[in-house]
Structures are given as C-alpha cells and as structure tokens.
Amino acid sequence: METEKKNGAQLDVDIATLRQAASERTTPRFWRSLDELAATPEFREHAENEFPHGANDITATLDRRELLKVMAASAAFAGLTGCTKLPEQRIVPYVRQPEQIIPGKPLFYATATTLAGVATGILVESHMARPTKVEGNPDHPASLGASDAFAQASVLGLYDPDRSQAEIHDGRIGSWPEFQNELSAALAAEKGSGGAGLRLLTPTITSPTLASQIRAFLKTFPSAKWHQYESVARDNVREGAKLAFGEYVNTVYLVDRAEVILSLDSDFLTSGPGCVRYSRDFSRKRRVESPESKMNRLYAVESTPTNTGAMADHRLKMRATEIESFARALAKELGLAAAAGPAFSSSVPPEWIPAVARDLKQHAGASLVVLGDHQPPIVHALVHSINQALGNFDKTVYITQPIEETPINQWQSIGELTADMRAGKVTTLFILGGNPAYDAPADLTLKELLPKVKFSARLGLYEDETSALCHWHIPQAHSLESWGDAKAYNGAITVSQPLIAPLYGGKSEIDFLAVLTGQAGEPSHDIVREFWKAQQTDVQAFDAHWEKTLRDGVMAGVALFAKQVSLKPGIGADAPAAAQQGLEIIFRPDPTIWDGRFANNGWLQELPKPLTKLTWDSVAMLSPKTAQRLGIKSEDAVELKYQGRTIVAPAWVMPGHADESVTVFLGYGRTRAGRVGTGVGFDAGWIRPYATPWIGTGLEIRKTGAKWALAATQTHNSMEGRDLVRVATLDEYRKNPQFAQVDAEKNPLSLYPEVKYEGYSWGMAIDLNACTGCGACVVACQAENNIAVVGKTEVMIGREMHWIRIDRYFEGDLDDPRTYHEPVVCMHCEDAPCEVVCPVVATVHSAEGLNEMIYNRCVGTRYCSNNCPYKVRRFNYRLYSDWETPSLFGMRNPNVTVRSRGVMEKCSYCVQRINAVKIEAEKQDRTVRDGEIVTACQQSCPSEAIVFGNINDPESAVSKLKKKNLNYSLLEELNTRPRTTYQARLRNPNPEIEKVAI
Amino acid sequence: MAQIFQRSTNTIARLSIYGAVILIALLGFAVDVINKTSYVTEVNNARPQPVPFSHKHHVGELGLDCRYCHTSVEVSSSAGMPPTETCMTCHSQIWTNSAMLEPVRASYSESKPISWLRVNAVPDFVYFNHSIHVAKGVGCTTCHGPIAEMNITWRAQTLYMRWCVDCHKTPENYLRPRSEVFNAFYQAPSDQLALGRQLLKEYKVQKLTNCTTCHR
C-alpha cells in the first residue's frame, strides 16, 4: 500500500464545511471535485501550477556559469544532430504477394468482440496483416458503427507481451503434442465410468459452434458435467425471468421507442449486453433540433452513481437493498397486487413515486423500466410485471429465447463443482478461459481444491492465478487470432475471424474442444464453417451466404425473434423479507477492467473511471454523509469486514452515492496478472460471499490510520471554476432559446489579423446532451494516435497523456449533485494562444484551420502548454512510449509518429485520417464529402456526441450543429475562436417533481 | 609591481577573439559542406544490392513500365516493391541459369524474401504519398532521377525538406502531363513554366505547405 502524500485529492476539510460550500455556491454553479469545493491549499497549488512537480529542479541550483555551460553544450549537440545520416534500412517485399494487400493501404475485416460471451460486431483495421485499430461495425445491430472502451482496448490485449507464450506443465515448459498424449491417457481413464469424474468449466457460452462441440463431448462422456461460471454472472436476471415467465429468457430493450424510461440501479447506457446500441438509441431520442423538439425523459434510482444516473433528468439515490421496496411501491401505484416492502431508510420525496408512475402510465407502450443485473430475482420479476402492466411488451421491450446456449444458474454451478471437488469426485478438470482461482467466491475455497484434482488443464490468455494451480496451462489464442461465433445481446449471430495467426501459437476454445471431441488438428475455420453449413438447408447457396456473413460480420436470417411468454400471476404478492439493517455493501464490476480480465491492459487501467476519474485503483466508495458519520476521508485506508473476512481498501467519498452504503469494485488485487496488473488495488472478491454476491448488509468499516494515495485525474488541468458546461431544462430552453449564449460578444476586437479560410475548414461539435461519459473515445484516440501509458505515479502528478479527456462536473447539493460529462479535445483555436509563444515554430496554424503540432521541430519548452487556456496539451516528460518491447511495434498506427521524450503533443483532429480522405478525393477530382472524414473519437462514440466536418460547407452536419442556438464555445471571452464547440446540455424534468427550476 | 600583460597581449587577445569567431564560422561552413556531400546525402551513391538489378536494362533497354513492378504507386502511399513472384514471371523463362539471378531463384524456391537496401528514404516523421503526386503530374524521374540510366540504383535527390518545399511552393517548374508521368525518358519542354502553369490549373494542384501535409 502506498502512503505517500500526494497533491490534489487530500480531503482535509470536514464534510459539513463542504456541504455548506456546495449549497452556497452560486457562481460558478459547477464544481469538479471535493477539493475544488473546499479550495484546499493543495488544490490551489495543483491548479495554479501548470506543471505540478514539473522539471524545475535544474534551475533551482543553477548559477549563471552552469547555465552558460548547459546552453553551450545544448547548442553543440543541437548542431551535431544535423549531421546524422539516416540509418540504413532494408525493404523486404513478399515472395508471393497476397491478393488485396497493398502496402500503405489498410484493410478492414468484420469480426466480433465478446464480453461475458455476448458479442458486439467490430471492424478491425489491418495494416499489412497487423491489426492496429478496432472500429464499430455499422452493419451489426449491437454496434451500429460504435464500440465500447473494452473493444477499443482489445488490440493492446492482443499484443500484450505478458500473454502466455508456451504450454506449461507443472511449472515447466511443455508442448502441445505432449499435452495431447497426456490428455488422451486422462480421457481413456475416464472412459470406463462414462466420464463420472470429468468436469468442464467454461465462461458463459453463447457460441453455437462451441456448444455443439461441448454437446458432442458430453455424448461421449454422458456422466461428465459442464459448468459455466462468471464472477459477473447474470444469474439474477435469469432467475428473475424464471420467476416471471417460468423459464429462462432473454430481454431486449427498444430504447429508441421509449419516451419515458425508469432505470432502477441499472447502468444500461454504458455497461452490460447491448449497452452500445442502447446508448445510441437513447441519444437519438434526446436530440433537440429546435425549441419545438421533444425529448425522452429518464428517471434513475440508484445506489452507486453511474453514467446512466448522470444522464437522468431525475435521479434519486437509494440503497441497493431498498430498490425492491421502490419497485413494489411503483407496482402498487400502477395497480399491481404487490405487497409493500420495508420502509425507505432515507426520505423519498412523497411526490416522486406517484409522479413517476403517472408519467409511465401516460406513456404506456412507450415507457420502459430497466433494472440493474445485480438486483435480486424477485425485483427482476416485478419489473417484468411492471413493463407488462404498462403494455410495453413488444413495444419497448421484447423477450427472446436465451442467448446463452445452455442458460444455467452459474453461481449454483460453481457451487456444485466445488462441492464435487471437495468430495473428491472430480478427477479430470478442463478450464476454458475465465479465471476461477481469482474470481470464484473465496468461501468456496476453489484455490485449495484445484491442486488436488488429478488431471487439470487450463486454456488461458495469461498464465494467471488459475494456471498456476492447474497441471497444464495451454496458451489461448486471442479473439483477434481465432475463428469463432457468438450471439449479440439480441441473439444476432456474429462470426469472428482471425486478423492474424496466433502470435504465440495459442489455441482457441474451438481448437481445444476439438481435441476433446476427437477432431484434433482440424482447423477451427472448418469446424465453424461446417457447423453453419449443417444448419443451412440450401447447401448450394451456403458458400455465398458464408462469404456474406464474413463480410458483414453478422449472419443474415438467423436472428432470435420475439417470443410469446405469459407472465405468472401474483408476482410480488408475498410479503417481502424484513428490512436489512446495518451498513450495506455493493459489489460491482469495475467500469474499466470489469471482473479483472483487463487488469493487464494499460489503456484500460489508465482510462479514468467514468465518475470518480480514478485510474490504476479501485476504491471503497461511500457517500459524504456516511463518510462524515464514520470520520472517513478520501484516500483513507479502511478495513472492510464482511461476513468474517477483512480487507484493506482506500476509501473514496463520492457525492451522489446512497447513504449507509459502500460500493466496492471487482477486478483488482490480481496476483498473477502481468507486469501491468499484478499487485494493483485490492481484491474485493475476497470479502464477497457465495450466498450474497451482489448486495448485502452488515459491513463493518474501520479506519486503519494509514493513507492510500490514489491517482485521480479530476483535479488536473483545472479550468479555474468557470462555468464551462451550460445546462438548462427543456422548458427554460423553450422560453429562452438563447440561454447558452452567455455574454457572447459578437465580433470582439482582436489583435490578430483576420484570416479568411477558403476551401476546407475543419471543425468539431460535441453534444453534451448525448455524451454519457463512457470513455470509448479516450481509448479509441489512444489506439489511433499511439498515445503512451504513463503509470500511476505519473498520473498522480498530472502527466497523463490522453488527448481527449472527459471532464466531470457536479452541480448543487453535495449529497445528491447533478453530474455532467464534458469531453475536451484540442479546440484548434483560430487565434491559438499556444502558437504565438512557441520559440521554434513547432506549433502553427494550417490553411484549413488546424492547430498543427510538429514533433520533429519541438524542443520541449512547454510554453505552448503554459499558454493554453484549455489545458489540452500533453508533454512527454519521460520516454513514455515503449520503444523496446517488440510485440508492441506491431500495434502502432503506422500513420502517426511515435513520440519521444521531450516532445509536446495534443489532439490533431486525426490529421492522418483527414489527409488520407483528402488524397482519395483529390485523386477522384472531387471535394471531400460530408461525413467522409471520421475522427477516431467520433467513430467510437456510441451516442454520436461528436461530429466532425467542414464548417465552410453550410450543408455539413457540423455546420448545422454550430448554427444551433445551443452551440457555445468554451472560454468565449478569451476570443480564441475555438473550432471545437459544444451543444449545451438540456434536461427534461417532470414538472410534478421539480417545482423550482434552478 | 611589474606589468602582468605585455603590450603584445592586446594583439593576442584580438587574434583569439577574431580567431574564435572565424573558427566557429569555418566550422559551420564545414558542417554545411559535409552535409551536402554525397557521403551524408547518399546522392549519386550506387548502393550494393543482394541482386544487382539494373533499371537501365529493364527500363532503359527493355522499356518496362514503372508500374509493372511498383504496382501500388497510383493507389497507395507506398509505390510497392515487387514480390519475388514478379521477377519470376519472366525469369522462370529467360536467364534461368544466370548466376546473377541465383538469389531470386533461391528466394522463390525457399519462400524467403529478398532483402533490398533502401535507396530512397525519408525520416520516420515524414509521411510521403506516391499516389497523389503521380495523380497530380509529378513524374517518377522528377524525384528518382534518370532511372533509365542507372545500372545499380542510386538516390538522385537529397530528399531534404528544402528540396520538397521547393516543389511544393513552385510546382509549375516540375509538373508534366499525366500521360508522361511514367515516361522515364521525359524531357521538360523549353516552355516548362507555361506548361506547368496550365497543368497547375488543369489538375487543380494545390501548393501545400502546411506542416501536417507531411508531418503528423
């Protein structure tokens, strides 16, 4: 644990003072962090220093003589560098050049990325057979061209040098043939009993091919058992469906048809199956073109603050255990026969539930209630019955067959497996993927049972906690290296194809199962293809069908259709359990590294978590009120004791969190993740009991007295508290459509000569009404522009390198603030303050209005960054780019320079993409069409919040946005004339609830 | 107390001051001269290759089109280097026993690529695109020199930034009709400036001198 004191986030002011500060705040209305609110000396120092902990150390001890010496030496070296010859380079062409490959021209292949078995279609950019960048697949229903941060980061996962590279047999290097021999022997021994001691443990399987292989395997070994397990399992969703309909089903939302949405402890916009699609559908219902436009309305009732809650027009914080009472009260209000739940511990405004119920009822058939996966099954059943009562079925929500090939209760499954292991019934165990030794519930003691299995083999991307306890570890092929298939959130069949041969000779799950089913050596491509050929009735047409599937990334004609189900009567009629007393604990997957599978991915570790803006750590999150009661401050190391187990975690005071409740995040505290993820954070799984994996009460929390320094980016690059987000309600906007035009002096005087931009003139518009703060753009930009990872200690001193950051603002009450996201990229100011101060003209303006940054000219004075009012420039204080690890060379975008130490960098509006499109247009003797140039951030954005284009073309999408009266510039008063502008955020509150407009 | 400095010291002092200035100037001049030599620029240095491929023979004498081997020059940033297969289209039929071509045959039969020494190179931070230059009427020999006369290929131009910018500022001095772009024997007409200006308009050639045209 780190006890080092750091700048910025030390919360040394008591919470009562903060609350006072928040309530008294009039201008500016918004605050970014508790430190800013408190205006602590540490925060002032951090904000005022352009380069906190900067490289000012030399000057402190330097006298005139020394300075002259250094200057002379630098001058000499600068002169000498001019004499270097270009190093000798070799050109190595193909012997036989594959068709379609043109050096310098990327190819795009449709494939899939899966999280917990659920597929999202992607297109992968491939440079000379090296996958470098993931883009969304416009033809895929779960993507529609967008993607999430996990998908964006999967290229780094592919090239991760820590991936396992060899078969390991009891700690020594083995080989695949050797493994096959041992495996045959083990299987032969099991044959007699029909596989009574044989167990197969997999994550969630939605792949029809894999499932058919597993079924074939189970046919040969009828007594063998197949278990599925994920630590972030959707068991409660499945069990809730069973309660409601008597069978496991899959629920799909049609968010674009919903006028009123109630989210109960759910983060459906940025997490879980279908979130990319839901986010797009949601934002399309929120576009406001003019004061006459309509908007959907989102209510959120939640315990842990989420992005969905931040998007909500009304947000109510509530303990997770009390969501059931809320659902019951709502059901009752809607006339359902639900018994009332225990009383709420915090005050729920009396008008809330009736008003929400009325609003939902008024929009019957166009309303939607969504529930968080972790809520108990009965609440899921209740929500189904509420949606039914509102007539939403087959309108805004529909039911299909389950997308899992064999849906089961996964926690029950792992319980049975460990029970059998304890009883000594398991002699042969195959673990495909997952990482149960790390993430299985601690009280099942899988870690102790695993080494006792006679023959255990594990297929995994990393030689991790589970591999260490198995006899055999087989390196797994990455999803970008293997053939396969999986279902999307709505059941769409998504075929994945490899972009590259396995870098380390890994085997896919299909390859592994092929050995078990006696198909050893058969190419996985053939297995997948043959499976689908067997499903096709028209064999003649199959080849064309298959080609089209591979091209589109999604299989036509096999979607799951809406299924007719009947709701069981009397759901929730039984009286619920009594109120649960004591401090509540909530377990949640980490927003950026999920259940720990992305722990070794530096991009995802350094991606600031959407609401806390923390990197490289997970926290125990609690509300200001609870923190005040317990005397806990942010960054206090606290001991969490739950059901007999204890763990030490850093505390984080989170405005908007439910009171008397603590959220901990899974996925950290890995012991064998790799050089990036090992030993980072604490393992919340250790105190996660088998019986109550999601929500429970009776947590004990105690200060240890130590501090745990955290790396949060929220206080970096302070904008000095000026109101940079502009917000109004829809009604206010209708009354005053010009509200966003605050103090905008038209055509103010300028010292700079007027420049006329002819031809193209690039600009960007960012819609704050659409941005959910998910972070996909940040990782997309990192992948596209070869942006380096800097590590926790560098982030703590404000040296993160992201070219796009998502600022988070709070407004109002400390205990229940409104939250806003604001992505900030380089503004490409027409009168850019950075340009005039550069002594070597390394940052200049292009004729198309780009603020150009020329690395090979930059000498690193950092004057530009000092003079940038938006704080969007990033400096390479050290050699952050990895110039040594060979596997990472392949990952880089060949069209963007890899920066070295001592160089400034910043958002370039993806100038490499602009140039590529312009060249193609010029060759065809035409101008660039609107929408042809898509920046990386824009491409990845699920909610279409970012639009880029030519502002000289009045018909372009970006020009039209900029003409809207919602459009405003950041720090307009500085007259920098930014090319990046923002569309003000609008809220659509229910007048019955919100009486006083802010 | 006796004088420490003689009168002559003044002269020595002056000499050393002026001398230092002259020395620095000379040094600068020397650096500049060295930088312009073919030792540094590699201009006119024929570079040894694993196969002594002669552009003079293939282009000058046989008249092969540039694009027969450099296939992607019109579509991509890279002009493309021919795979061994391209060599073997002819050399599986002619000169099949030539010792000179042994590395080519070996490459083909062993599926091991030929590793050529790069002749024309720009630094990593320069992004050059062949296709757009060709499309706008910049001929191959404008940059690559008299390729039809090169037995072993050499670099014909420094490829220094000032050389690039010269053309980016005044392309009319170098443009030729699109039909002549791949003509290795092309001679600029005496009225190049008039032709250049006409082509400039016709091909909508822009004088791109923004930094990000090449650096990003």
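The chains referred to below are lettered A, B, ... by the order of the sequence lines, with proteins before strands, and numbering in each begins at 1. What you see is a predicted model; the values in this text were computed from it and never measured. Only this structure's heavy atoms are used, side chains among them; waters, hydrogens and symmetry mates stay out.
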With only heavy atoms counted, which part of Ile34(B) is less than 4.5 Å from chain A, the side chain, the backbone, both or neither? neither
Got more than 12 heavy atoms from elsewhere within 6.0 Å of CG, Asn97(B)? no
If you measure from OG1 on Thr212(B) to CG on Asn851(A), what distance do you get to the nearest 0.5 Å? 10.0 Å
Arg899(A) to Phe125(B) six-membered ring, cation-pi geometry met (6.0 Å, 45°): no
Taking every non-hydrogen pair under 4.5 Å, which of Ile919(A), Asn856(A), Val911(A) racks up the most with chain B? Asn856(A)
Report yes if some heavy atom in the side chain of Tyr94(A) is under 4.5 Å from a heavy atom in the side chain of Met81(B); otherwise report no. no
Output for pair (Asn210(B) CG, Glu848(A) CD), nearest 0.5 Å, gives 6.5 Å
What part of Val75(B) lies closer than 4.5 angstrom to a heavy atom of chain A: side chain, backbone, both or neither? both
Pro83(B) to Val95(A) - nearest heavy-atom pair and separation: CB-O, 3.5 Å
Interface check, chain B: of Met853(A), Glu920(A), Gln97(A), most non-hydrogen pairs under 4.5 Å belong to Gln97(A)
Surrounding CD of Glu884(A) (heavy atoms of other residues, nucleotides or ligands, distance under 6.0 Å), is the total greater than 12? no
Does Tyr855(A) use its side chain to pair, donor to acceptor, with the backbone of His215(B) at less than 3.5 Å? no
Enclosure of Tyr39(B) OH (heavy-atom neighbours >12, cutoff 6.0 Å): no
Partner chain A: residue of Ser77(B), Ala79(B), Ser111(B), Gly80(B) with the largest heavy-atom pair count (under 4.5 Å): Ser111(B)
Report the option among Asn785(A), Ile102(A), Asn895(A), Asn915(A) that has the most heavy-atom pairs separated by less than 4.5 Å from atoms of chain B. Asn895(A)
Would one find more than 12 heavy atoms of other residues, nucleotides or ligands at under 6.0 Å from atom CG of Asp65(B)? yes
Counting only heavy atoms not in Arg14(B), do more than 12 fall under 6.0 Å of its CZ? no
Chain B interface, residue from Pro103(A), Gly104(A), Pro894(A), Ser908(A) that has the most non-hydrogen pairs under 4.5 Å: Pro103(A)
Would the number of heavy atoms belonging to other residues, nucleotides or ligands and lying under 6.0 Å from CZ of Arg901(A) be above 12? no
Is there a side-chain contact between Gln206(B) and Glu922(A) in this structure, where contact means two heavy atoms from C-beta onward sitting under 4.5 Å apart? yes
Is there a side-chain contact between Arg90(A) and Pro113(B), using heavy atoms and a 4.5 Å cut-off? no
Would you check, one step at a time, whether the test side-chain hydrogen bond (donor to acceptor under 3.5 Å, both in side chains) holds for Lys923(A) with Ser131(B)? CA-CA 8 Å; Lys923(A) 283 195 278 191; Ser131(B) 66; 2.7 Å; yes
Near Trp163(B) CH2, under 6.0 Å, is it more than 12 heavy atoms from other residues, nucleotides or ligands? yes
How about NZ on Lys169(B), more than 12 heavy atoms from neighbouring residues, nucleotides or ligands closer than 6.0 Å, or not? no
What part of Lys112(B) is in contact with chain A, defined as an atom under 4.5 angstrom from a non-hydrogen atom: side chain, backbone, both or neither? backbone
Of the listed Ala135(B), Pro82(B), Ser115(B), the one with the largest count of heavy-atom pairs under 4.5 Å with chain A is Ser115(B)
Measure Glu74(B) against the heavy atoms of chain A and call it side chain, backbone, both or neither at under 4.5 Å. backbone
Top residue by heavy-atom pair count (under 4.5 Å) with chain A, among Thr209(B), Leu27(B), Asn129(B)? Asn129(B)
When you measure from the side chain of Arg216(B) to the backbone N and O of Cys910(A), does any donor-acceptor pair fall under 3.5 Å? no
Between CD1 of Ile854(A) and SG of Cys214(B), what distance do you get to the nearest 0.5 Å? 9.5 Å
Could you look at Glu905(A) and say if it's the side chain, the backbone, both or neither that has a heavy atom under 4.5 Å from chain B? neither
